[in-house]
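To find a chain, count down the sequence lines: A is the first, B the second, and so on, and within it residues start at 1.
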Number of protein chains: 4
Amino acid sequence: MAIDFTISPGSAAPIFKQIADQVRLAVSAGKMVEGEALPSVRALAEKLLVNPNTVAKAYADLAADSTIETQAGRGVFVGRRRQMYTKAERHRRLKPHLDALVTEGLLLGFTVEELTAAIAARAEQLLPQEPK
Amino acid sequence: MAIDFTISPGSAAPIFKQIADQVRLAVSAGKMVEGEALPSVRALAEKLLVNPNTVAKAYADLAADSTIETQAGRGVFVGRRRQMYTKAERHRRLKPHLDALVTEGLLLGFTVEELTAAIAARAEQLLPQEPK
Amino acid sequence: MAIDFTISPGSAAPIFKQIADQVRLAVSAGKMVEGEALPSVRALAEKLLVNPNTVAKAYADLAADSTIETQAGRGVFVGRRRQMYTKAERHRRLKPHLDALVTEGLLLGFTVEELTAAIAARAEQLLPQEPK
Amino acid sequence: MAIDFTISPGSAAPIFKQIADQVRLAVSAGKMVEGEALPSVRALAEKLLVNPNTVAKAYADLAADSTIETQAGRGVFVGRRRQMYTKAERHRRLKPHLDALVTEGLLLGFTVEELTAAIAARAEQLLPQEPK
DNA sequence: GTGGTCTAGACCACA
DNA sequence: GTGGTCTAGACCACC
């Protein structure tokens, strides 16, 4: 299934990260599977009305953590999902997001229980079919 | 009660935001009350070994949402007004962090249970004494 | 110890990779240690007579695998060396270099013994003081 | 003896080079001898499921260093000349791959013994019967 | 057609 | 001052 890419130019997140995160979301949710093709750099740039370099940067970001694989002259494809990091590294990579959610959540007045419930709810929403 | 400010220069969050959020959290947790004085810009800058401009920016950020009030020549004090967000607004502000944590966590191979446990553990660190 | 950066514009390897690999070589050999500062993007670009974006790309490449850590507004520093990849992933990352060396080596007429000897010799040269 | 060509589209090496190197290795290993015929461009392209232009480029690459000779209208044959490099030249060409493997290997945490063992194992795969 | 590299130059956030 | 982002446009290798 193809992604319906959208960007919000006024957002705090940079455009290339918005694009990359939409791909990560789709892969994480199982909407895109291994080997599936992504739109070409130029095609996506044209659709989103951004510079091709910006899309290329998003794809480079995704290739850096093996979410996708680029084959020069052929295109861009979803990579194989694999456990590539050690346990310590996985926690280290999760921590910034954990910190951001907890500090923002507490500042907004959410309780710990509300936050954990929100996590569980969002995860259920993303993984209704429990992909392996 | 004064805040025991700490910053981590290697963190993803900019230093001025780390400072500002510690004040916001202390105020919303009741550790600091209306009218209480905060350290002066240069005193805090000296303690944290950061540029005074950075502390000034943190205070400006806090003054912008009325968490503190700067009284020229007298100092900086905790303000009266507490911003209240609607339920929808609170969730809208939380969502990007929620999505980032869940998608990144699932891609890293964490289970939903591990994520919720991590949230609870991190929140305990920030709110050790379960304030009301 | 600072690196004496040099680039060869006519080389097959792209400029940003030449820069990044010199840093990797220096870190791998223990010539640069954790926390040590690298030249600023602009300074290095001026020295090498290349576009600052090219140096920035080299630094982004190094930051992607945690060889360095960039702190916006402060500079670029050598990161902590750590075992971040699983055993399978480490082999997967080594394989392209392994394949390139073996195929090129055999095509050039080297024997397997000569290749292994060359590896051992080069490693000795890089690690005379056996850093931990 | 004909070559059993295989390509891996996901590899770092471009496809045309994978094809050319298999021919070079077969010739230098004595599996193919002077005057022996190679498959036609379109036959090989069909077998490997690649674009005929890609095979043509591989053959052009091989013809450029006289590994093969294309006789218009008759076909493609293993050439007479063998390029000989001086000792210095052979080492000069090997060095970049040697450096890449050693620095990357050491950064990934491999020992020198592991690297030499990996070299030997990989070479065995490419040269199973230890040709003279 | 595809992606990859590089330059030039602008603007922004952070310290 | 620092690094980060984005645009515009060029050139190249590969398929």
Side-chain angles (χ1 to χ4, degrees), chain A residues 7 9 11-19 37-45 48-61 63 68-77, chain B residues 7 9 11-19 45 48-58 60-61, chain C residues 7 9 11-19 37-45 48-61 63 68-77, chain D residues 7 9 11-19 45 48-58 60-61:
Chain A
I7 57 171
S11 164
I15 296 175
F16 86 92
K17 203 119 195 57
Q18 294 181 41
I19 297 172
L38 280 85
S40 79
V41 169
R42 291 164 171 84
L44 186 50
L48 296 178
L49 301 177
V50 300
N51 191 290
N53 287 339
T54 304
V55 177
K57 187 171 184 179
Y59 281 1
D61 193 51
I68 63 172
E69 288 172 10
T70 68
Q71 296 179 20
R74 306 228 309 114
V76 179
F77 306 90
Chain B
I7 57 167
S11 164
I15 295 177
F16 88 90
K17 191 161 193 313
Q18 294 182 40
I19 297 172
L48 295 177
L49 301 174
V50 300
N51 192 307
N53 290 337
T54 304
V55 177
K57 183 164 188 178
D61 196 47
Chain C
I7 57 171
S11 164
I15 297 175
F16 87 91
K17 204 118 197 57
Q18 294 181 41
I19 297 172
L38 280 86
S40 80
V41 169
R42 290 162 172 84
L44 185 51
L48 296 178
L49 301 176
V50 299
N51 190 289
N53 286 341
T54 303
V55 177
K57 188 171 184 179
Y59 281 2
D61 192 51
I68 63 172
E69 287 171 11
T70 67
Q71 296 178 20
R74 307 229 308 113
V76 179
F77 307 90
Chain D
I7 58 168
S11 164
I15 295 177
F16 86 90
K17 191 163 192 312
Q18 294 182 40
I19 297 172
L48 296 177
L49 301 175
V50 300
N51 192 307
N53 291 337
T54 304
V55 177
K57 183 165 186 179
D61 196 48

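- Nearest-nucleotide assignment on DNA chain F puts the 5′-proximal partner with C:Val76, out of C:Val76 and A:Pro52.
- When rounded to the nearest whole Å, the span between CD of B:Gln18 and P of E:dC14 equals 12 Å.
- Listed for the C:Gln71 side chain is no donor-acceptor partner under 3.5 Å among the backbone atoms of C:Val76.
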Dot-bracket for DNA chain E, please, read 5' to 3', with Watson-Crick or G-U wobble pairs under 3.5 Å on both distances, ( ) within the strand, [ ] crossing, | other strand, . unpaired.
||||||||||||||.
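- Between atom OG1 of residue B:Thr54 and atom CD1 of residue B:Ile15 there is a gap of 6.0 Å, rounded to the nearest 0.5 Å.
- In this structure, A:Tyr59 and A:Leu44 have side chains that are in contact, with non-hydrogen atoms separated by less than 4.5 Å.
- For the pair A:Leu38/A:Phe77, no side-chain contact is recorded, criterion being any heavy-atom separation below 4.5 Å from C-beta on.
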Output one letter per nucleotide in nucleotides 8-15 of chain F: B when a protein non-hydrogen atom lies under 4.0 Å from the base, S when only the sugar-phosphate is that close, - when neither is.
BB----BS
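- In this structure, the CD1 atom of B:Ile19 is 11 Å from the C1' atom of E:dA15, given to the nearest Å.
- The two residues C:Ala63 and C:Thr70 make their nearest non-hydrogen contact at CB-CG2, 4.4 Å.
- One atom, CD of A:Glu69, and another, P of E:dG4, lie 12 Å apart when rounded to the nearest Å.
- Nucleotide F:dT2 holds its C1' atom 12 Å from the OH atom of C:Tyr59, rounded to whole Å.
- A donor-acceptor pair under 3.5 Å links the side-chain atoms of A:Gln18 to the main chain of A:Ala13, judged by distance alone.
- Put simply, C:Ser40 has a side-chain N or O that comes within less than 4.0 Å of OP1 or OP2 on F:dT2.
- For the atom pair OG of D:Ser11 and NZ of D:Lys17, the computed distance is 10.0 Å after rounding to the nearest 0.5 Å.
- Applying the salt bridge (Lys or Arg N to Asp or Glu O under 4.0 Å) criterion to B:Asp61, with sequence neighbours excluded, gives B:Arg24.
- When rounded to the nearest whole Å, the span between CG of C:Asp61 and C1' of E:dG4 equals 13 Å.
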